[in-house]
Amino acid sequence: MEKYLSQLNDAQLEPTIQVDGPMIIIAGAGSGKTRVLTYRIAYLMHKGVDSFSILALTFTNKAAREMKERIAQIVGESEAKNLWMGTFHSVFARILRVEGHHLGFPSNFTIYDTQDSQKLLGSIIKEMNLDKDLYKTKQVYSRISSYKNSLITVKAYFNNPELMEADAMARRPQMGNIYKAYVDRCFKAGAMDFDDLLLRTNELLTRFPTVLAKYQDKFRYILVDEYQDTNHSQYLIVRALADRFQNICVVGDDAQSIYAFRGANINNILNFQRDYDNVKLYRLEQNYRSTKNIVGAANSVIDHNQTKLDKVVWTANEEGPKVKVHRSLTDGDEGRYVASTIWETKMNQQLNNSDFAILYRTNAQSRAMEDALRKRNIPYRIYGGLSFYQRKEIKDVLSYLRLILNPSDEEALKRIINYPGRGIGQTTIDRLVVAANGLGKTIWEILKEIDTVQVNINNGTKNKLRDFVTLIESYQVMNQTATAFELAEHVVKSSGLMREFNKDGTPEGVTRLENVEELLNGVKDFVEGQQELADAKGDLAEFLEDVALATDLDNEKGDDDVVALMTIHLAKGLEFNNVFVVGLEEDLFPSAMSMNTRSELEEERRLFYVALTRAEKQAYLTYALSRYRWGKLVDSDPSRFIEEIDDQFIENITPPEERRINPMLSADIFGDVEPNKIRFKKPVQPKFKKKDKAPEKFVASTPKNLKKVDALGKNDVPNTNLFDGNLAVGNIVSHMRFGKGEVLKIEGKGTDTKAEIKFEVAGVKKLLLRFAKLDVIG
DNA sequence: CGATTTCGTTTTTTT
DNA sequence: AACGAAATCG
């Protein structure tokens, strides 16, 4: 143990060997908090704390797994495996399997994912004959989610006139009734959604003091990582469990709180010292990850936030190269710039692909990056987005497995009762739902009693329903003896799913088949992995739970040498040698949806801070002057976040000519640009005005005003436009792709002159003149 | 009842 | 641009 402790600096050592009492560690980015957490857990065990009585809550399963491995290296495998470690969701799902019966849930309850929940809400809204444009499932879902995360149960909702009024004012007076119906239906289906895993845990601990006492006694030492991103529900669980022994250690960085949109409450970390007595406070402020330039740039940005704890992150690392800022014309160019830079840097510095990450605000941005990387044959992997387990074909297979385990699972049943086609149509399903609701039973129960129950379904269809029941029951019998893998394979082959997937020979169809194959391999791996662990059952239920709570990051093979592409949210906690933060444009990052209030904007800024601080050696910030959004080419201004960085840490590297290393590779987004025609008379450096704008200014002004400020900045650029003045309103022009059109409007000047042109076929387009090659024909 | 086509919506981030 | 839901037809 001594040998490990000697690896820590003084600031890290103190909290590591502080055993008892409440404590908070404010850990700046890259300050070694994971190391402190792991060593602290090892130290607790070293000091005689029983490994069974330590609960460590992490933000991702991957973080938990890695931490466990590191602890195992110190204290040994057999001890480390007794630790309770995982995300809030997975740990409390595990506990609810055991204790859920107190609340009336079966131990094999299903975990509904977002898709399931929204589908159920969709049917409820339909059944209640509500206007689906007014009650959008997504909005209703997020509203209910925020109720749950704030611990507002259905009962609490109806006891709260303010809430009801707020929903009524928003022209959704039926919210409460939808909420009630949704909760009832989930309960009847033996299902919990993500938020229920926390809400029901709270219910359990509140309503059953003996259960609370049991877990208080069990978890004598509690550690919570990423505490700044806990929501109210999680906060209460932690407080309840830690109440008896008060051995609670939370770690976090208020500057990295980026999940307010799903209920995270930054006040949990800001107020921790008020919540417990005699809190010991530790700060980790030395950054070991990044160069001076990166740390300096990140600090200068986060300084613009008002809401924050006092903390000075510094580093003794080398100065390193400055943060590079690069401007492109389009998102396609941006991708090509990133890809070629990765290519060159890799060559020059002998780096691996995995030394690079491309981070973006929205998943949709991955496409341009992907295209560019593929053309350069740079291996990459996209994390997040539609996760593997949410793909249609995978959900189809999983729905069978879910239904076998829990036949009450309404969403699984509805998904597969007629897939592959069995001649059971929507009308039949609707009648089954009506019958089930009317009798207070599940659809499965109605199906089982189809002969006796009063339902308007003809005999032919009834036969089909009986066949379906027989099929599922035969699987249930098999599940008694077979492994999860044997069962899954049998289901895929015998249900007709395989035939269905085989049917179309399109490339997508082949991919689907491969995905199913991969799922089966995954089940196999799982079963084999579980069999190695003596105490695990290796059964279907556990597999499904893993799947329901898995994130894309968790499925990381880890051994691939690939460039990582992901959203900044997903990148939290990770680090890379070289990081590209792309799409730094107003309305994209910061997102247009997040500029209405100061707190939203500050969260965007923290997100940017997280992005920058992922980089060890070199950070690149890129933006494009126009990009395709919603299928249309849209002009954009550079993100205010670039301006907020102190000049001394950044360097503009937009080259005099757009980089088009290999014109053959750059099928341009316009499809009409001849690369050698693009010329600037001189290097066009974006000039960022450095005048320390107060954040208030951004909040007070409307987005429109902000745009003006930025536009002025852009117009400082010398007029280098070759086309300026050559075109007038009313001209008839010809465009290689869009064909003939008439110039409606010309706006802007200099390099940014744009023309609005009405094409005969393609309709009205706005084009950057410097870029679009137009022939004036009249 | 099922297949095909059209229409409309979507892009903020995720356990 | 891309996907899903609804409308339409067989």
Side-chain angles (χ1 to χ4, degrees), chain A residues 57-64 86-93 111-115 117-119 122 126 132-133 136-138 141-142 145 148-149 192-199 226 229-231 233-234 257-264 331 359-368 371 383-387 389-392 418-430 458 460-461 464 508 545 547-554 566-572 583 587-595 600 603-604 606-608 610-611 627-634 669:
Chain A
L57 297 164
T58 59
F59 198 70
T60 63
N61 292 307
K62 186 181 172 224
T87 60
F88 273 90
H89 289 87
S90 59
V91 164
F92 296 110
I111 298 172
Y112 274 177
D113 66 14
T114 310
Q115 220 178 76
S117 300
Q118 289 185 358
K119 277 205 164 149
K126 201 170 163 188
K132 66 175 166 35
D133 294 322
K136 298 206 164 142
T137 51
K138 265 193 177 165
Y141 175 74
S142 72
S145 175
K148 288 186 174 178
N149 286 327
M192 296 199 200
D193 65 19
F194 288 134
D195 305 315
D196 284 332
L197 294 176
L198 307 174
L199 179 67
E226 308 280 11
D229 279 324
T230 51
N231 62 34
S233 199
Q234 292 167 323
S257 164
I258 55 175
Y259 280 98
F261 72 92
R262 70 170 204 215
D331 47 354
L359 308 181
Y360 35 76
R361 180 66 178 80
T362 67
N363 282 303
Q365 289 166 258
S366 68
R367 176 158 248 115
D371 290 345
Y383 295 84
L386 237 210
S387 102
Y389 297 112
Q390 286 171 28
R391 289 182 191 170
K392 183 192 170 298
N418 195 37
Y419 189 81
R422 300 185 173 87
I424 302 167
Q426 194 56 51
T427 321
T428 306
I429 295 172
D430 287 345
N458 68 40
T461 309
K464 292 171 186 164
E508 298 84 50
E545 178 169 316
V547 161
L549 299 176
T551 61
D552 211 18
L553 231 41
D554 296 326
M566 63 185 89
T567 62
I568 300 161
H569 283 89
L570 223 50
K572 193 170 77 159
D587 288 352
L588 182 61
F589 192 15
S591 159
M593 324 280 293
S594 304
M595 296 201 287
E600 282 177 337
E603 174 146 323
E604 293 284 305
R606 290 192 294 269
L607 192 58
F608 181 58
V610 169
R627 78 170 51 238
Y628 273 92
R629 291 181 86 180
W630 319 285
K632 282 201 302 253
L633 192 64
V634 176
I669 212 123

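First the proteins, then the strands, lettered A, B, ... as listed; each starts at 1.
Summarising the geometry, the separation between CZ on A:Arg627 and C1' on C:dA1 is reported as 15 Å, rounded to the nearest angstrom. A straight line from NZ of A:Lys126 to C1' of C:dG4 spans 14 Å, rounded to a whole angstrom. Atom P of nucleotide B:dT14 and atom NZ of A:Lys62 are separated by 15 Å, given to the nearest angstrom. One can place CG of A:Asp229 at 11 Å from C1' of B:dT13, the figure rounded to the nearest angstrom. Regarding A:Tyr419, its OH atom lies at a distance of 13 Å from the P atom of C:dG4, rounded to whole Å. With rounding to whole Å, A:Lys632 atom NZ is found 15 Å from C:dA2 atom C1'. Between A:Phe59 atom CZ and B:dT14 atom C1' the separation is 8 Å, expressed in whole Å. Atom OH of A:Tyr360 and atom P of B:dT13 are 10 Å apart (whole Å).
Judged as a ring-ring contact (aromatic ring centres under 6.0 Å, His included), and not counting sequence neighbours, the contacts of A:Phe59 are A:Tyr259. In terms of the side-chain hydrogen bond (donor to acceptor under 3.5 Å, both in side chains) criterion, residue partners of A:Thr362 (sequence neighbours excluded) are, by chain and number, A:Gln365. Under the rule for a ring-ring contact (aromatic ring centres under 6.0 Å, His included), the partners of A:Phe589 that lie at least two apart in sequence or sit in another chain are A:Phe608, A:Phe641. Every residue meeting the side-chain hydrogen bond (donor to acceptor under 3.5 Å, both in side chains) condition with A:Ser90, not counting sequence neighbours, appears here in chain and number order: A:Asn61, A:Thr87. With sequence neighbours left out, the ring-ring contact (aromatic ring centres under 6.0 Å, His included) criterion links A:Tyr112 to no other residue.
When heavy atoms are screened at a 4.0 angstrom cut-off, A:Asn363 is found touching the sugar-phosphate backbone but no base atom. Within the 4.0 angstrom heavy-atom criterion, base atoms lie near A:Thr114.
One finds no side-chain N or O of A:Ser591 lying less than 4.0 angstrom from the OP1 or OP2 phosphate oxygen of B:dT11. Distances shown here put a side-chain N or O of A:Thr427 below 4.0 Å from the OP1 or OP2 atom of B:dC1. Using a 4.0 Å cut-off, no side-chain N or O of A:Ser594 falls inside it from OP1 or OP2 of B:dT13.
Which of B:dT13, C:dA2, B:dT15 sits closest to the side chain of A:Phe261 comes down to B:dT13. Considering only side-chain atoms of A:His569, the nucleotide from B:dC1, B:dT15, B:dT14 that sits closest is B:dT14. Across C:dA2, B:dT14, B:dT11, the shortest atom-to-atom separation from the side chain of A:Arg367 is found for C:dA2. Residue A:Lys136 has its side chain nearest to B:dT10 when only B:dT10, B:dT14, B:dT15 are considered.
A stacked arrangement is not assigned to A:Tyr259 and the six-membered base ring of B:dT14, the conditions of a centre distance below 5.5 Å and an interplanar angle below 30° not being jointly met.
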Could you pull out the protein-nucleic contacts involving nucleotides 2-7 of chain B (nitrogen or oxygen on both sides, under 3.5 Å)?
residue: B:dG2; atom: OP1; partner: A:Gly423; partner atom: N; Å: 3.0
residue: B:dG2; atom: OP2; partner: A:Asn418; partner atom: ND2; Å: 3.3

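One finds a salt bridge joining A:Lys572 and A:Asp229 here, because a Lys/Arg side-chain nitrogen approaches an Asp/Glu carboxylate oxygen to under 4.0 Å.
Other residues, nucleotides and ligands contribute at most 12 non-hydrogen atoms within 6.0 Å of the NZ atom of A:Lys632. Counting non-hydrogen atoms of neighbouring residues, nucleotides and ligands closer than 6.0 angstrom, the CZ atom of A:Arg391 exceeds 12 such neighbours.
Comparing A:Lys138 and A:Leu198 by the nucleotide of DNA chain B whose heavy atom lies nearest to each, the residue mapping closer to the 5' end is A:Lys138.
Rounded to the nearest Å, the gap between the P atom of C:dG4 and that of B:dT13 is 16 Å.
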